[in-house]
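Sequential numbering from 1 along the given sequence is applied to the chain's residues. When a ligand or atom number is given, it counts from 1 through the structure's own listing order.
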Amino acid sequence: MNLPLITRAEENNEKIAIITDEGAFTYQDLLQISSRMATSLLKNVQDLKEQRVAFLIPPGFEYVATQWGIWRAGGIAVPLCISHPRPELEYVITNSGAAIIIAHPNFEDILRLIATEQNLRFILTSETLPDHVGRLPEIDITRRALILYTSGTTGKPKGVVTTHQNIQAQVTSLTTAWEWTSSDRILHILPLHHIHGIINVLTCALWAGAECQMLSKFDAETVWNRICDGGLTLFMAVPTIYVKLIAAWKTTSSDRQKSMTAGCGKMRLMVSGSAALPVQVLEKWQSISGHFLLERYGMTEIGMALSNPLHGQRYSGYVGEPLPQVEVRLVDESGEIVPPGTPGEIQIKGPGVFLEYWQNPQATAKAFQDSWFCTGDIAVVENGNYRILGRMSVDIIKTGGYKVSALEIEEVLTTHPDIQECAVVGVADPEWGERVCAALVLQPQRQLKLESFRGWAKEQLAVYKIPTKILIVEELPRNAMGKVTKPTVVELFRASSVFN
Ligand code: AMP
């Protein structure tokens, strides 16, 4: 039996699946190229049997055909992030135990080196695919499909493993709630190593038989051009993207503003998520576009859990109610369910909840309480609607929709020869949600400028993890136990002139 995603695609054969700068690709193209990719991956075996295949390909048709090719060959897809420097790519490749790396020629230099060092099979997307399709294995939907790396409060990022069944549950929940159909056309502008871009946009679109227009990278003007063209029905983004689109709208002529507004008016739904949507952004966007953004809440480990309704009243500052197939409860510190109006930790159950952290049974066990997944987010229910109050750990920072670990960044920063110790915090910011900020204690008689510091950090960390503000301090604020008091560090930034 084929994977349901494939069977559904076969029903949409002639329809356009993907549009990129290179042209339009039908579902048939996707099926054909992914089956040839699967044939190439299989080489002399009948089934990859959950071998991990790491791939680094810019957004576009090749990305999708490769992801499907890996699935159809029985492998686990491990998407790499195009903005990651070598140490982070290496970490994901090593931690996932990838046996094969697939790279777009843009990334050949860096990835071929890693593949050679680790003795992994290396495939370039520019290589000619076999012109025949071999016998592809049958894939049971309970098999592992995807590993996405996500930051936690401890240690390095963890690999979140989802099965085909988990993905199917995440996708059917959303396509049902938001009434996706094959007539939908969505513009894809989100990263393709993160759940929002992979599941909510790409896979939902392809599951529904819809059209997914992919931009190779985000650019506010290009997005507005596409919106003005008027063919889109859906748009999904993180709050930071809406802030950037608003900024671009403000600086353009009134004629163009009118056409931007008209383009938005042709869409049926615009969604925000992955970070808190500030009420001012929601209101400004409403005045520009006429859309009251639908805010939803979710997480790599669980898919989407809470959503404002497609039809009916949406409330600003709230993330609505549980989505189909998702059970949600709020519990206090002793694990007891809290009454409405009392804040508690969000815990989730349902078929969309991930299988495990990759080869980390301890972390997996710790993340569940009585088979409920503990999100680490605090919420309260008011008039039947969930409102997110924040995270249980100050060490998780949400910047531009990316989840980053303060501890992971601190570990890297302390390897800088001029830095003695440091504390990394997220400071509230209207554009980024939170900005990554670092208070640094320097080695005696040393100086450090933001620019040179950032230049150094770029070699070690993904761009979105690099502190954008630094503050040199004599010592870090600590409590009686000697633990750094992060809220005081946040205050230091708020009070200082570096934060303007
Ligand atoms: P990720 O796994 O990278 O998608 O990050 C998931 C985290 O993003 C959640 O645990 C929340 O802390 C945060 N998050 C997602 N959606 C929202 C939202 N609508 N409002 C506030 N925080 C959100």
Can E410 and K486 be counted as an ion pair, charged N to O under 4.0 angstrom?
-> yes
Under a 4.0 Å N-O cut-off, is there an ion pair linking R296 with E321?
-> no
Does the gap between the ring centers of F354 and F368 come in under 6.0 Å?
-> yes
Answer yes or no: does atom CG of N479 have more than 12 heavy-atom neighbours from other residues, nucleotides or ligands under 6.0 Å?
-> yes
ring-ring contact (aromatic ring centres under 6.0 Å, His included) between W456 and H416, worked out = CA-CA 8 Å; W456 172 85; H416 189 289; 4.6 Å; yes
Do Y297 and Y318 pass the ring-ring contact (aromatic ring centres under 6.0 Å, His included) test, and can you show the C-alpha distance, the side-chain angles, and the key distance before you say yes or no?
-> CA-CA 9 Å; Y297 160 89; Y318 288 80; over 10 Å; no
For ligand 1, would you mind listing the residues that have at least one heavy atom less than 4.0 Å away, ordered by chain and number?
-> H194, I195, S274, A275, A276, E295, R296, Y297, G298, M299, T300, V319, D377, I388, R391, K398, K403
